[in-house]
Protein chains: 2
Amino acid sequence: MIQSVDRAVRILTALQGARRMGLGELAAQLELAPSTVHGIVRTLLDHGMIAQERDSGRYRLGPATLRLGNVYLDTLELRSRSVPWAEDLAARTGMAVRTAVLLAGPGGDVIVVAHEPRPGGGRQMNEVGIVVPAHACALGKALLAFDPAGEPAFDTAGEPLRSMTGETITDPARLRTELAAIRRVGLATEAEEAVLGEYGLAAPVADHSGTIAGAIGLVVPQTEWPVGPGATDALRAAARSISRELGAPSWPPVVRDRPAASA
Amino acid sequence: MIQSVDRAVRILTALQGARRMGLGELAAQLELAPSTVHGIVRTLLDHGMIAQERDSGRYRLGPATLRLGNVYLDTLELRSRSVPWAEDLAARTGMAVRTAVLLAGPGGDVIVVAHEPRPGGGRQMNEVGIVVPAHACALGKALLAFDPAGEPAFDTAGEPLRSMTGETITDPARLRTELAAIRRVGLATEAEEAVLGEYGLAAPVADHSGTIAGAIGLVVPQTEWPVGPGATDALRAAARSISRELGAPSWPPVVRDRPAASA
DNA sequence: ATGGACGTTCGGCATAGTCGAAATGCGTTC
DNA sequence: GAACGCATTTCGACTATGCCGAACGTCCAT
């Protein structure tokens, strides 16, 4: 691990938490000398990865980050393959459809890479790029259940997981039990665990190597919960079809590595 | 300039040009030893800035880049201030509206940070994040004309600029003349210089320090060109209003630095 | 079965980055 | 209006860090 590169990414991550930061704030948060941070910041500045406010001297993220993120979306085959199926799903069920992938690093978050708005819902925010804790949403639980590296990620010595609402699962053991159930059924659910009044249903998507590439799911309003078998079957069919288009040999994806390391 | 951080950003930039690259390709493009690149790549991998295809071993951009880009958009006051005015402009003129900023680094590109689709145009691609050469679009010319650091950026010893269509201005001297005219009028135009059949009109937006923060412009179809005074005035009014909301002391922005260093 | 290509790992050397301290610029207070 | 204080920025020396060459393992194609 290259030290200075690691620090550079940490700086970007810090700036993505607090919108604007002074050099001193950054140095304090990374526990480094201000001059050390300055060298890295200067380099990122030259590439447009961060920008400096001309008057206050503080730093923000720069436009080059937007370019990177946009190219990532373009190169993501999961996204392009999902779009037609998401449109179909939204038309059939009348609900919004999200596609998401697991985000690396600590925290165990998922990030939405495609979003099909609810039909007839007027102007809706584009939700591509939003981040949700994995353990608190159906998409995240589908990803955690089938990703061999996902489940150990939140295995932080039994300390409670971050709570979003009163319904969020904060007990790692209980989450692990639910993930095992999701592996058997091939579908994950969410009941007001991330946002009050919002329910969800999600299914994993596999790629040509047989491992999980992402998850696709329905955003279900409270009045529609629980969903009928029609929506469930349509979602399962869409996930299977996308996986097949990506070259997956089977669906639901098989979880390799450790079949049952838990008690 | 920190060497390894600079190289890390170069790797990301290379990956944004070619969608997938092997380690050898990356090393060849950066003219470095493969093992050197590997260390940096490994670090970026751990942070999710890049991802590795499980079978081929090649590298792609990772989901963390999407998160960064999304946070950048959220923190951009230019964007949030532009949205209401862009909606109003689109409703008045019946055209799509784009807001863009100048992208740092070589090449002199602009990147779209907000996009209001043409009213009644059905499903349109979201153009946020697309990149256009600055000298080939109205938004870019508005930015170059009023950014003190913009004009010298393409001053590469008189060699011709990259051509997009037959109408693209490739002569730096001619571009400089046009930028001077834009500075006087406060509006930039574009006639099939980036995309055939597409015309454009753009105005600069200033921020509280008086310098240029971005540009807002209309995407004009061939049948609507040239636009009437109503659309021109509305665009100018929107640019002035956004600038005022950002705290700009004047509009059009004043170009400080060198008023006339050219011959 | 064998060759090649690619990603990956390891260790020594030297460069390149880190950190302290001083300098500059700016806003604020008295 | 002038001086204080904070913040970013610059500079220089030390040494820890990352760079590179070479060897290993693996996968694919022949």
Side-chain angles (χ1 to χ4, degrees), chain A residues 1-12 14-15 18-47 49-62 104 149 207-211 247 249 256-257, chain B residues 1-12 14-15 18-62 104 148-149 207-211 247 249 256-257:
Chain A
M1 179 110 74
I2 306 303
Q3 188 184 54
S4 54
V5 175
D6 180 63
R7 289 173 172 177
V9 179
R10 286 199 146 86
I11 288 173
L12 292 173
L15 285 173
R19 324 183 73 138
R20 302 166 220 273
M21 292 183 87
L23 189 63
E25 288 179 81
L26 275 170
Q29 182 158 339
L30 302 197
E31 298 179 0
L32 293 173
S35 55
T36 303
V37 176
H38 181 258
I40 300 172
V41 157
R42 182 71 171 272
T43 307
L44 294 172
L45 207 55
D46 288 346
H47 287 278
M49 296 291 291
I50 63 179
Q52 185 171 26
E53 301 183 346
R54 202 170 282 271
D55 48 355
S56 68
R58 289 191 299 189
Y59 297 97
R60 313 190 322 96
L61 290 178
D207 64 9
H208 60 285
S209 71
T211 56
R256 308 173 311 184
D257 277 345
Chain B
M1 176 110 74
I2 306 303
Q3 188 185 53
S4 54
V5 174
D6 180 62
R7 289 172 172 176
V9 180
R10 286 198 144 87
I11 287 173
L12 293 173
L15 285 172
R19 325 182 73 137
R20 302 166 222 274
M21 292 182 88
L23 189 63
E25 288 179 81
L26 275 171
Q29 182 158 337
L30 302 197
E31 298 178 1
L32 292 172
S35 57
T36 302
V37 176
H38 181 259
I40 300 172
V41 158
R42 182 68 170 272
T43 306
L44 294 172
L45 208 55
D46 288 345
H47 286 277
M49 296 292 291
I50 64 180
Q52 185 171 24
E53 300 185 346
R54 201 170 284 270
D55 48 354
S56 68
R58 289 189 299 188
Y59 296 97
R60 313 191 322 94
L61 289 178
D207 63 11
H208 59 286
S209 71
T211 56
R256 308 173 311 185
D257 279 345

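Keep in mind it's a predicted model, so treat the numbers as computed, not measured. Chain identifiers are assigned alphabetically (A, B, ...) following the order of the sequence lines, protein sequences preceding nucleic acid strands; residue numbering begins at 1 within each chain.
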Separation between [atom1] of [X] and [atom2] of [Y], rounded to the nearest 0.5 Å:
| X | Y | atom1 | atom2 | value |
| --- | --- | --- | --- | --- |
| A/Met1 | B/Leu45 | CE | CG | 10.5 Å |
| A/Glu53 | B/His208 | CD | NE2 | 6.0 Å |
| B/Arg19 | B/Arg58 | CZ | CZ | 12.0 Å |

Protein-nucleotide distance ([X], atom [atom1]; [N], atom [atom2]), rounded to Å:
| X | N | atom1 | atom2 | result |
| --- | --- | --- | --- | --- |
| B/Leu30 | D/dC20 | CG | P | 11 Å |
| A/Met1 | D/dA16 | CE | C1' | 17 Å |
| B/Asp6 | D/dG18 | CG | P | 15 Å |
| A/Glu53 | D/dT9 | CD | P | 12 Å |
| A/Glu31 | C/dT18 | CD | P | 16 Å |
| B/Arg60 | C/dG7 | CZ | P | 16 Å |
| B/Leu26 | D/dC20 | CG | C1' | 17 Å |
| B/Ile40 | C/dT9 | CD1 | P | 16 Å |

query = Does B/Asp55 offer a backbone N or O that forms a donor-acceptor pair with the side chain of A/Ser209 under 3.5 Å?
reply = no

Exam field: side chain B/Thr211 to backbone B/Asp207, donor-acceptor pair closer than 3.5 Å = no

message = Side chain of B/Ala33 only, heavy atoms from C-beta on: which candidate in C/dG20, C/dG17, D/dC20 is closest?
response = D/dC20

ask   = Contact class for B/Ser4 (heavy atom, under 4.0 Å): base, sugar-phosphate, or nothing?
value = sugar-phosphate

Within-4.5 Å side-chain heavy-atom neighbours: [X] and [Y]:
| X | Y | answer |
| --- | --- | --- |
| A/Leu30 | A/Ile11 | yes |
| B/Thr36 | B/Arg7 | yes |
| A/Asp6 | B/His47 | yes |

Does [N] have its OP1 or OP2 closer than 4.0 Å to a side-chain nitrogen or oxygen of [X]?
| X | N | result |
| --- | --- | --- |
| B/Arg7 | D/dC19 | yes |
| A/Gln3 | D/dA16 | no |
| B/Ser35 | D/dC20 | no |

Worked verdict on B/Val41 versus B/Ile50 for side chain to side chain contact (heavy atoms under 4.5 Å, CB included) = CA-CA 8 Å; B/Val41 158; B/Ile50 64 180; 3.5 Å; yes

Polar-atom pairs under 3.5 Å, protein N or O versus N or O of nucleotides 5-8 of chain D: list them with distances, or write none.
from, atom 1, to, atom 2, distance (Å)
D/dT8, OP1, A/Leu23, N, 2.2
D/dT8, OP1, A/Gly24, N, 3.4
D/dT8, OP2, A/Gly24, N, 2.8

Strand contacts (DNA chain D) in residues 41-51 of chain B, 4.0 angstrom heavy-atom criterion = none

